[in-house]
Amino acid sequence: MANIAAQRIRREFKEVIKSEEVAKCAIKVELLNDSYTELKGEITGPPDTAYEGGTFVLEIKVPETYPFNPPKVRFITKIWHPNISSVTGAICLDILKDQWAAAMTLRTVLLSLQALLSAAEPDDPQDAVVAKQFKENIEMFQMTARHWTNVYAGGPHVNKECDDKIKRLVDMGVEEHQARVALSSYNWDIERATEQLFS
Amino acid sequence: MLQFLSFSRKTLSNNLSIYIKTNTGNTLSVDLDPTWDIKEVKEFVAPQLGLKPGEVKIIFAGKELGDNISISECDLGQQSTLHAIKITKKPNPPTLNNAVIEESDEGKPLCETLSDLSFSNDDSEEGPTEQRKVHFFVYCPTCKALKNGKLRVRCHFCKSGAFTVHSDPQNWNDVLQSKQITGLCENNPELCANVLNNKEPTFAEFYFKCSEHTSLGETDEAVPLYLIRPNLKEVPCLACADINETVFVFPCKEGHVTCLDCFRQYCTTRLRERQFWQHPEFGYTLACPAGCPDSFIQEIHHFRLLSESQYTQYQRFATEEYVLRSGGVLCPQPGCGMGILADPECTKITCINGCGYVFCRLCLQGFHIGECEAPEGDVGAPGDCSYNVDPTRAAEARWDEASKVAIKVLTKPCPKCRTPTERDGYKRLGNGWKSLNEDERKKYFDRAKAIGLQHKKEFPVGENPTGLQKITIDSFELFPSTEIFSKRRKIYSL
Ligand SMILES: [Zn+2]
Ligand SMILES: [Zn+2]
Ligand SMILES: [Zn+2]
Ligand SMILES: [Zn+2]
Ligand SMILES: [Zn+2]
Ligand SMILES: [Zn+2]
Ligand SMILES: [Zn+2]
């Protein structure tokens, strides 16, 4: 890795550690190797959103050309959000793409991702299925996102109804996550989900 | 005797070999002791001109030097030129008119009166903590590197260095833009003052020389890299956060700063991804890495900070972009990348001097009749939010050995750094015509029309098998307007 990138990440790492957001436990960064090319990020779900109470883990890869190119970031924790792929965790956020500027830092990235959780942009989707649900049935979306937060990110809101439907599919021999994806995608209509899974 | 010898050797080694030009057209070659003051220079020079010391004034870099200034203060350098001018009128008696006598700088050379602070483009309220002598960086075409530079002044009209400025330049704008500072041409005052029937004052023209090699004469100029500056305010680098002595200051409102290493890294990164911009006026360039608006680097010689091989690549990419912007097409055949200029209406393109591929101008697929299959502006699948440095774009635009010939055809040596660059070709059609007056503009377009007609004769409509024109300087003149660039840009949606 180019010296510049490593040096810069080293400084940024210190910046995040000292930041008040870390003090408030809102964001966190951990180093995964000595060469500063791979880091683990963590953000908490913003209050008053479906993600409240959840902790979301991020994979951060720093390219050799950092900070002139953005870090590559994706969600490790599974999440139900129009701008984040429910399959790969890939993120659609302008500052991680063409709106990146060399003056931005890991801290700005994490805070922007947190902001993205409170303000989705369904017109610029990463996950078309989620975006469609967000636009057509916001309550259904909220419930699904809260359920995913509970299951994958340690959120507090247990949804008995969802858990039951998943259990019924699991009993039929479907893998649990697959069952959850199918149900989430068909607005928790168990018949349509079953149809899709066995077609 | 021994003593004398060693003494003279010592003086010899320290001597400055200087040219003295007079306004009668004579040039004297003299050796001066740098510890001398100007009074001693006059005493030395005047007799050789048949004058008395009191009848001569010495002009250098836009200033008449005062008697008590020493040569070493003037950043002269070997083989520099001083101007000795015969005083025609009686020197004005010191007047006590409204002008104040604050002129403590009177008679000092330009390098002593300019300060770095005023050239840092920094209008923060903090007062000057210490006045530092101004420091210029240049790209020297002789040393082929970033070097320390010296500011010089000459007459805007007759280019004579026997010229005194009425006031010092206060900032970069005064130096870089023409007609900012007025002065007096001592070479031929009558002529230069009357050039425009006295409608305009006589203006100073500023230029730069390299401080690090012996001057090769008055045409031995260097290109000012004015965005490279001493880091007086100790601003940390935007990218690595180090505080460096010399920095690159981007031309944005915030004046973002990177160290030179990070600037190089920034250029390399963008170059590798072909993410430079073809700016209609400045050429192939970059903006502030913090993403600031209106922050394009105007003087593209700043990219001379790149290594030789990177700069070659930069020039190649720039030329390719240039072909596209001037209404040309790059052959889409892998490994070919021939630049082709064709009639704007013609969609059937044949790679005539390259691989011979026949393709559709609009979709860059093999030539076909009827609508293109994949219409332009084809958005990816829903949910596909992909950021692209279009990988095909880079692959699609490669010049092979043969096309290097084309680069040579369309470029001629840059007047500033004497190497072929994309910009020269660009200038030929760029925005230059906009600055022409009505008459000249008509002539320019008439000529363009004539060339166009000639091409039409050679390739009458319907008979032209290819619709092609070879890339020649002449055919570039057919596309004088930047409007065409923007239309093309849409088509190739770069
Ligand atoms: Zn030089
Ligand atoms: Zn003149
Ligand atoms: Zn730096
Ligand atoms: Zn900026
Ligand atoms: Zn070809
Ligand atoms: Zn086509
Ligand atoms: Zn040049």
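Note: hydrogens, waters and symmetry copies are ignored here, and every other heavy atom, side chains too, is used. The chains referred to below are lettered A, B, ... by the order of the sequence lines, with proteins before strands, and numbering in each begins at 1.
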Should we say atom [atom1] of [X] is surrounded by more than 12 heavy atoms from elsewhere, each under 6.0 Å from it?
X        : atom1 : result
A:Arg10  : CZ    : yes
B:Asp294 : CG    : no
A:Glu52  : CD    : yes
A:Asp164 : CG    : yes

Minimum-distance pair of heavy atoms, taken over all atoms of [X] and [Y]:
X        : Y        : result
A:Gln7   : B:Cys240 : NE2-O, 3.7 Å
B:Ala290 : A:Ala101 : O-CB, 3.2 Å
A:Glu64  : B:Gln265 : O-NE2, 3.5 Å
B:Leu238 : A:Arg8   : O-NH1, 2.9 Å
B:Cys262 : A:Phe68  : O-CZ, 3.2 Å
A:Ile4   : B:Asp261 : CD1-O, 3.9 Å

Check your understanding: Should B:Arg270 and A:Asn69 be marked as a side chain to side chain contact (heavy atoms under 4.5 Å, CB included) after you check the CA-CA gap, both sets of side-chain angles, and the distance that decides it?
Key -> CA-CA 9 Å; B:Arg270 289 291 175 269; A:Asn69 281 338; 2.9 Å; yes
Review point. Looking at B:Cys292, B:Pro289, B:Gly291, which has the largest count of heavy-atom pairs under 4.5 Å with chain A?
Key: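 Ranked by contacts with chain A, first place is B:Pro289.
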Check your understanding: Taking only residues at least two apart or on different chains, which pairs with a member in residues 188-199 of chain A satisfy side-chain hydrogen bond (donor to acceptor under 3.5 Å, both in side chains)?
Key -> A:Thr144-A:Trp188
